[in-house]
Q: 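Right, I'll just put the structure down here and ask away after.
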Amino acid sequence: MRRGADVAAVTGASFDLDAGQCLALVGESGCGKSVLASALLGLLPGNARATGTATVRTGADATVRTTGRGGGAETDSGPATARPAGSAAARLRPGLRSHTRPSPRNAPGVPDVLDLLAADEETLARRVRGRLVGLVPQSPAAHLTPVRTVRSQLEETVRELCAPARQDLRAAAEAAAGRAAFPADHLDHYPHQLSGGLAQRAALALALVGDAPVLLADEPTTGLDRDLVNRTADELRRHADSGRAVLLVTHDLVAAERTADRVAVMYAGRIVELSDARDFFGTPGPRHPYAAGLLDALPTRAFRTIPGTPPELGSLPAGCAFAPRCHRATDTCTTTLPAPPAPTGGAACHHPLEPAPATPASAAPGPASITSPTPPAPVPLPAPASARPAAHTGPAGPAHPDPTEAAADA
Amino acid sequence: MLELRRITAGYDRRAPVLRGVSLDIAPGEAVGLLGPSGCGKSTLARVAALLHRPDSGEVVVDGTPARGWRHRAPREQRTAFGVVFQQPRLSTDPRLTLAAAVAEPLRATGRRAEAGSRTAELAEAVGLTPDLLTRRPHEVSDGQLQRACLARALALRPRWLVCDEMTAMLDASTTAALVGVVEDYRRQTGAGLLAVGHDRDLLERWCDRTVTLESLTAPPGGPRSPVAGR
Ligand code: SF4
């Protein structure tokens with residue numbers, strides 16, 4: 001771990017995730033989204049730190065709240081100066097907060113409050129992982145124990161998380177399998193006897209055993225066939241609809257579009273855009289130039305790459321980290337860090353894209369205009385970074401009335 | 001022309017993954033092979049690139065039938081192919097710097113002298129900075145490592161490229177970048193392409209035509225199945 005390449009940093013990440021909602025955290029590999037995911041489970045590697053707070057409100061209206069602006073972030077990471085490799089980053093102080101008693105973190109006598117950073121491993125294992133936050137892993141094959149049947153692994157997890165009476169063990173395991181739509185007649189199979197789809201459901205069943213109000217899916221669709229991607233996405237959606245808060249960490253924009261209510265775009269360790277998923281994937285479209293570039297890279301859109309590569313998280317440029325790759329960058333961008341998006345939505349950008357016009361303007365250039373709401377000519381507009389795009393009151397563009405078109409099965 | 005004729009192949013002769021699969025790729029043509037994982041399309045890609053000996057059938061590379069496989073393939077046939085796989089970490093030596101990995105085929109074919117300049121040229125084409133070239137695989141991202149794997153595949157200027165799920169682990173922007181590199185190379189050299197994958201949107205956008213294994217497999221006794229009588 002001697003190079004900047006190994007330094008993982010997340011700075012000032014702020015978002016809310018409500019019960020019954022799915023938020024997709026998207027970005028290129030290495031942007032820090034997995035670091036954020038690990039932080040929520042207290043699984044950060046030793047050299048990674050992230051700033052802010054993540055609170056999970058349990059109960060009927062489970063909520064994840066991550067706020068990362070302010071003190072720690074600014075002082076720790078010195079956002080306006082390039083950091084030497086290896087010294088980057090920040091701290092995340094996730095806490096858990098009961099919805100009935102929204103008490104200050106670490107308030108004495110409030111047992112629901114837990115600082116994950118301060119918590120020891122045992123506390124994390126006992127109270128957080130599986131109970132408050134269920135993890136849907138990237139590779140179910142690696143997550144399942146090869147020498148034991150699905151039933152035996154489920155029962156063990158039930159025993160760990162729920163401590164039920166012995167006779168309830170079997171029923172509880174079967175109930176967890178049922179919640180993940182894992183077929184009961186496959187419970188006595190070993191992992192290698194399962195198809196990729198069933199292995200994914202077995203992993204999901206394990207994640208659901210503790211009935212955690214929050215599901216965290218970390219790249220759950222990587223390397224899967226599109227059919228299986230769609231099925232996994234739909235199952236996550238179903239769990240959001242049944243009242244869980246689902247955080248989907250993914251580089252797969254098609255899966256994100258299919259699943260999410262809201263989208264958080266991450267770049268170089270910061271959330272640069274927060275948006276309603278329909279707005280983001282449809283009209284008015286993304287506001288941040290990086291987010292727009294990501295969407296334009298899709299083969300169903302312009303299939304055009306963003307020039308250059310992301311910066312090392314350990315040596316971010318001063319100002320906006322995207323400036324070296326941004327066609328809208330001005331002098332301001334290279335000196336001044338744009339304000340992060342408000343938790344309600346917005347873009348961290350000095351010159352955000354105008355919301356795409358509701359009617360196709362003649363100014364809209366490029367091959368992307370058929371399927372992608374291409375922004376009009378890049379006119380730098382000093383809009384406040386936290387400003388929501390104007391509500392799209394106009395009629396939807398006639399060429400793409402359905403913002404979910406890109407996810408349609410071929 | 002790359003011709004695959006009635007290929008039957010697999011890892012157990014009693015249960016081949018592929019049975020009687022035929023595919024022709026014209027010079028300069030880009031063919032996308034679509035299918036779910038486990039259907040055998042990667043096996044076909046390996047057969048096409050002379051990396052896996054079929055149980056029966058024939059591979060004809062630019063008019064010359066293949067007679068050897070893997071290291072037993074004659075050098076001029078072996079080097080006609082550039083291959084990129086899904087998982088860059090499984091196909092790179094963790095001890096080599098990216099520069100050394102890219103130059104590997106040059107060294108292996110005795111073109112050590114060229115290695116420096118050619119590596120720099122390839123690195124620029126795939127978007128690897130000089131700084132990244134000095135790192136080892138664990139010090140770069142999957143996307144950066146895959147860029148190196150693509151550079152390595154292009155090192156000997158192959159006439160055929162076989163990309164097996166090259167972008168399955170990568171984000172949209174890196175995918176578009178790598179496909180752009182392949183297409184630039186093909187424009188310059190006229191190389192043909194077999195791209196294997198499960199993403200229909202991607203392969204349809206990328207390739208001249210897409211096929212599935214079913215469409216390439218002759219039904220037993222059917223008209224497209226002249227029984228291999230030799
Ligand atoms: S702040 Fe400037 S450089 Fe950064 S994304 Fe916005 S326009 Fe581009």
Side-chain angles (χ1 to χ4, degrees), chain A residues 1-7 26-31 33-34 85 138-139 195-197 219 221-229 250-254 256 267 290-313 315 325 371 406-410, chain B residues 32 34-39 41-42 85-88 90 98 123 126-129 131-132 134-147 164-184 195 197-207 210:
Chain A
M1 297 296 180
R2 62 195 169 83
R3 288 181 191 264
D6 299 316
V7 175
V26 303
E28 288 167 286
S29 63
C31 72
K33 57 192 190 305
S34 298
Q138 173 164 353
S139 160
S195 68
E219 298 281 9
T221 61
T222 296
L224 299 186
D225 297 336
R226 184 52 63 191
D227 277 357
L228 202 43
V229 168
T250 187
H251 68 255
D252 184 339
L253 294 166
V254 180
Y267 186 75
Y290 170 69
L294 265 190
L295 277 184
D296 266 353
L298 287 174
T300 46
R301 301 198 182 207
F303 203 29
R304 181 171 51 216
T305 189
I306 305 169
T309 47
E312 304 284 340
L313 292 179
S315 56
R325 305 172 73 185
T371 52
D409 284 53
Chain B
L34 271 168
S37 59
C39 75
K41 60 191 194 305
S42 289
F85 297 105
Q86 174 172 353
Q87 304 222 24
L90 299 182
L98 265 50
V126 301
L128 285 177
T129 58
D131 166 55
L132 289 172
T134 65
R135 298 194 189 168
R136 285 172 223 285
H138 74 276
E139 295 167 325
V140 301
S141 69
D142 281 352
Q144 288 162 339
L145 195 55
Q146 194 65 306
R147 286 173 194 260
D164 183 6
E165 296 276 17
M166 175 176 75
T167 61
M169 315 286 287
L170 306 178
D171 56 78
S173 181
T174 309
T175 296
L178 291 190
V179 169
V181 172
V182 168
E183 289 309 292
D184 283 347
H198 62 262
D199 188 338
R200 180 176 292 277
D201 291 337
L202 173 66
L203 292 190
E204 285 183 347
R205 183 72 182 252
W206 182 1
C207 299
T210 56

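Every chain is numbered from 1, with letters handed out A, B, ... down the list of sequences. Just so you know, these numbers use all the heavy atoms, side chains as well, and skip hydrogens, waters and symmetry mates.
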Q: Which atoms of A:I306 are under 4.5 Å from chain B, going by heavy atoms: the side chain, the backbone, both sets, or neither?
A: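 The answer is both parts of A:I306.
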Q: Would you give the length of the straight line joining atom CZ of A:R304 to atom CG of A:D296, rounded to the nearest 0.5 angstrom?
A: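 So the gap between those two atoms works out to 4.5 Å.
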Q: I'd like to verify something: which residue of B:L132, B:L203, B:L170 has the highest number of heavy-atom pairs under 4.5 Å with chain A?
A: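 Top option by heavy-atom pairs under 4.5 Å: B:L170.
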Q: Between chain A and each of B:G143, B:A172, B:S173, count heavy-atom pairs under 4.5 Å; write down the option with the most.
A: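 When all of B:G143, B:A172, B:S173 are compared, B:S173 has the most.
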Q: Quick check: do A:V229 and B:H198 have side-chain heavy atoms less than 4.5 Å from each other?
A: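 They are not in contact (no side-chain heavy atoms under 4.5 Å apart), so the answer is no.
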Q: Within the 4.5 Å heavy-atom criterion, are B:F85 and B:L90 side-chain neighbours or not?
A: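 No, side chains not in contact.
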Q: Cut-off 3.5 Å, side chains only: do B:D201 and A:T300 have a donor facing an acceptor?
A: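 No - no donor-acceptor pair under 3.5 Å links their side chains.
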